[in-house]
Amino acid sequence: MCLVVFAWKSHPDYRLILAANRDELHARPAEAAGWWPHAPDILAGRDLEAGGTWLGVHRSGRFATVTNYREQQQKVPGARSRGEIVTNFIASASDPLQFVASINGADYAGVSALCADHDQLCYASNRGDAAVSLTPGIYGLANASLDAPWTKLVRSKKALRDLIDADTVDRHSLLRLLADRTPAAAAEVISNDEPLELAQALTAPFIVADRYGTRCSTTVLIANDGRIDFFERRFDAQGNATGESGFDFNCQT
């Protein structure tokens, strides 16, 4: 994932409210969200190049997602897929804090991980952020550390807070939050080695660009009574919706 905004234990009905956009090369093959035939308790999309996933839930109510870091680095030979972090956690019975603390950062390119069970939502990165169990609140994660003050992250967190304050949280309002295609002003853009037009496009919550952009938007609502609402909407390179999948089920503990 490349944009994740979420509320942990900050709503009277939901322990987790999450909205996320997956930004990726359009040419990278992926499978739509669904129950995995070889692991039928896992609900997730699937990266067909590396075999893992960027975000998933388990029938038990366990949840995980990862984001990468926007950084210039050469590929490390033998580096493991960041997507395995998600499946390894949700298919296990591991304590979330112990799990994120045990991730060997040297095995992966830049990665941040969020892992949750019924009681804890924990975060860590291999770019200097030690494992922590998050307190109730509203958070955001993009291609940097948790709550980095990026324009799109600040804007999206405020939009989520407004939905919670107005008690209008559902999959539809979260999808509207994720559909924001307004980039930062040109004066705020740091292009580094990227063309300015692309660098500015990357500052929008929903990215539309020729080779790379928002491939899918996902919403996850985990209610206090164990009900899970999971929804994915997929897009082509022009930002047009190409399909969607919705799932509504009870946790099986």
> Between Y123 and W8, does a ring pair (Phe, Tyr, Trp, His ring centres under 6.0 Å) hold up when you go through it step by step?
Replying inline: CA-CA 12 Å; Y123 161 80; W8 175 245; over 10 Å; no
> Say you draw a straight line from CG of D248 to CZ of R227; how long is it, rounded to the nearest 0.5 Å?
Replying inline: 4.0 Å
> Which atom pair, heavy atoms only, marks the closest approach of S112 to Y69?
Replying inline: OG-CE1, 3.2 Å
>> Let me check something: do L177 and F206 share a hydrophobic cluster, defined by ILVMFWY side-chain heavy atoms less than 4.5 Å apart, either directly or through other members?
In response: no
> So T203 and T151, side chain to side chain contact (heavy atoms under 4.5 Å, CB included) or not? Walk me through it.
Replying inline: CA-CA 7 Å; T203 66; T151 300; 5.6 Å; no
> If Ile, Leu, Val, Met, Phe, Trp and Tyr residues are connected whenever their side-chain heavy atoms lie under 4.5 Å apart, and connections chain through other members, are W35 and I228 in the same group?
Replying inline: yes
> Which residue pairs satisfy the salt bridge (Lys or Arg N to Asp or Glu O under 4.0 Å) criterion with at least one member in residues 138-151, sequence neighbours excluded?
Replying inline: D147-K157
>> Using a 3.5 Å distance criterion without hydrogens, assess whether the side chain of T65 forms a donor-acceptor pair with backbone atoms of L114.
In response: no
> Are the side chain of E49 and the backbone N or O of P29 linked by a donor-acceptor pair below 3.5 Å?
Replying inline: no
>> For the OH atom of Y139 and the CG atom of L18, what is their distance to the nearest 0.5 Å?
In response: 13.5 Å
> Does the side-chain hydrogen bond (donor to acceptor under 3.5 Å, both in side chains) test come out yes or no for R62 and S92, once each step is laid out?
Replying inline: CA-CA 9 Å; R62 293 167 72 83; S92 75; 3.3 Å; yes
> Side chain of R46, backbone of G51: donor and acceptor closer than 3.5 Å?
Replying inline: yes
>> Using side-chain heavy atoms (C-beta onward) and a distance below 4.5 Å, is F231 in contact with S217?
In response: no
> Would you say the side chain of D167 lies within less than 4.5 Å of the side chain of H11, judging by non-hydrogen atoms?
Replying inline: yes
> For S173 and T168, which heavy atoms make the closest approach, and how far apart are they?
Replying inline: OG-O, 2.7 Å
>> Testing the basics here: between F63 and F89, what is the closest heavy-atom pair and its distance to 0.1 Å?
In response: O-CE2, 3.5 Å
> CG of D107 to OG of S81: how many Å apart, nearest 0.5 Å?
Replying inline: 11.5 Å
Which donor-acceptor pairs under 3.5 Å do the side chains of residues 36-43 make with protein atoms, sequence neighbours left out?
| unit_1 | atom_1 | unit_2 | atom_2 | d |
| --- | --- | --- | --- | --- |
| W36 | NE1 | A44 | O | 3.0 |
| D41 | OD1 | R59 | NE | 3.2 |

> So, do L153 and V5 sit near enough that their side-chain heavy atoms are less than 4.5 Å apart?
Replying inline: yes
> Say you draw a straight line from OG1 of T218 to CG of L3; how long is it, rounded to the nearest 0.5 Å?
Replying inline: 11.0 Å
> For the residue pair S10 and I164, what are the closest heavy atoms and their distance?
Replying inline: O-CG2, 3.8 Å
> Linking I/L/V/M/F/W/Y whenever any side-chain heavy atoms sit under 4.5 Å apart, do V132 and L146 land together?
Replying inline: yes
>> Are F249 and I222 connected into the same hydrophobic cluster when the rule is that any two of I, L, V, M, F, W, Y join if their side-chain heavy atoms are below 4.5 Å apart?
In response: yes
Let me check something: any side-chain donor-acceptor pairs from residues 115-122 under 3.5 Å, sequence neighbours excluded? List them with distances.
| unit_1 | atom_1 | unit_2 | atom_2 | d |
| --- | --- | --- | --- | --- |
| D117 | OD1 | D119 | N | 2.9 |
| D117 | OD1 | Q120 | N | 2.8 |
| H118 | ND1 | R15 | NH1 | 3.4 |
| H118 | ND1 | R15 | NH2 | 3.3 |
| H118 | NE2 | S60 | O | 2.8 |
| Q120 | OE1 | S133 | OG | 3.3 |
| Q120 | NE2 | D95 | OD1 | 2.8 |

>> Once rounded to the nearest 0.5 Å, what's the spacing between atom CG of N68 and atom CH2 of W54?
In response: 13.0 Å
>> Restricting to non-hydrogen atoms, name the atom on A113 and the atom on I85 that form the minimum distance, rounded to 0.1 Å.
In response: CB-CG2, 4.1 Å
> Do F6 and V220 have side-chain heavy atoms sitting under 4.5 Å apart?
Replying inline: no
> Should Y212 and L202 be marked as a side chain to side chain contact (heavy atoms under 4.5 Å, CB included) after you check the CA-CA gap, both sets of side-chain angles, and the distance that decides it?
Replying inline: CA-CA 9 Å; Y212 175 94; L202 296 178; 3.7 Å; yes
List the atom pairs, with distances to 0.1 Å, where a side-chain N or O of residues 232-239 and a protein N or O form a donor-acceptor pair under 3.5 Å, not counting sequence neighbours.
| unit_1 | atom_1 | unit_2 | atom_2 | d |
| --- | --- | --- | --- | --- |
| E232 | OE1 | A33 | N | 3.0 |
| E232 | OE1 | R234 | NH1 | 2.6 |
| R233 | NE | E244 | OE1 | 3.0 |
| R233 | NH2 | E244 | OE1 | 3.2 |
| R234 | NH1 | S245 | OG | 3.1 |
| R234 | NH2 | S245 | OG | 3.3 |
| D236 | OD1 | Q238 | N | 3.0 |
| D236 | OD1 | G239 | N | 3.1 |
| D236 | OD1 | N240 | N | 2.9 |

> If you measure from CG on D13 to CG on L221, what distance do you get to the nearest 0.5 Å?
Replying inline: 10.0 Å
> So, does N21 use its side chain to make a donor-acceptor pair with the main chain of L178 at under 3.5 Å?
Replying inline: yes
> With sequence neighbours left out, what residues match D180 under salt bridge (Lys or Arg N to Asp or Glu O under 4.0 Å)?
Replying inline: R155
> Below 4.5 Å, heavy atoms only, C-beta onward: do I103 and Y108 meet side chain to side chain?
Replying inline: yes
>> Taking salt bridge (Lys or Arg N to Asp or Glu O under 4.0 Å) as the cut-off, I'd like each qualifying pair that reaches into residues 207-221, sequence neighbours left out, listed once.
In response: none
>> I need the minimum non-hydrogen distance between L55 and V86, along with the two atoms involved.
In response: C-CG1, 4.1 Å
>> Main chain of A109, side chain of N126: is a donor-acceptor contact present, judged purely on distance under 3.5 Å?
In response: yes
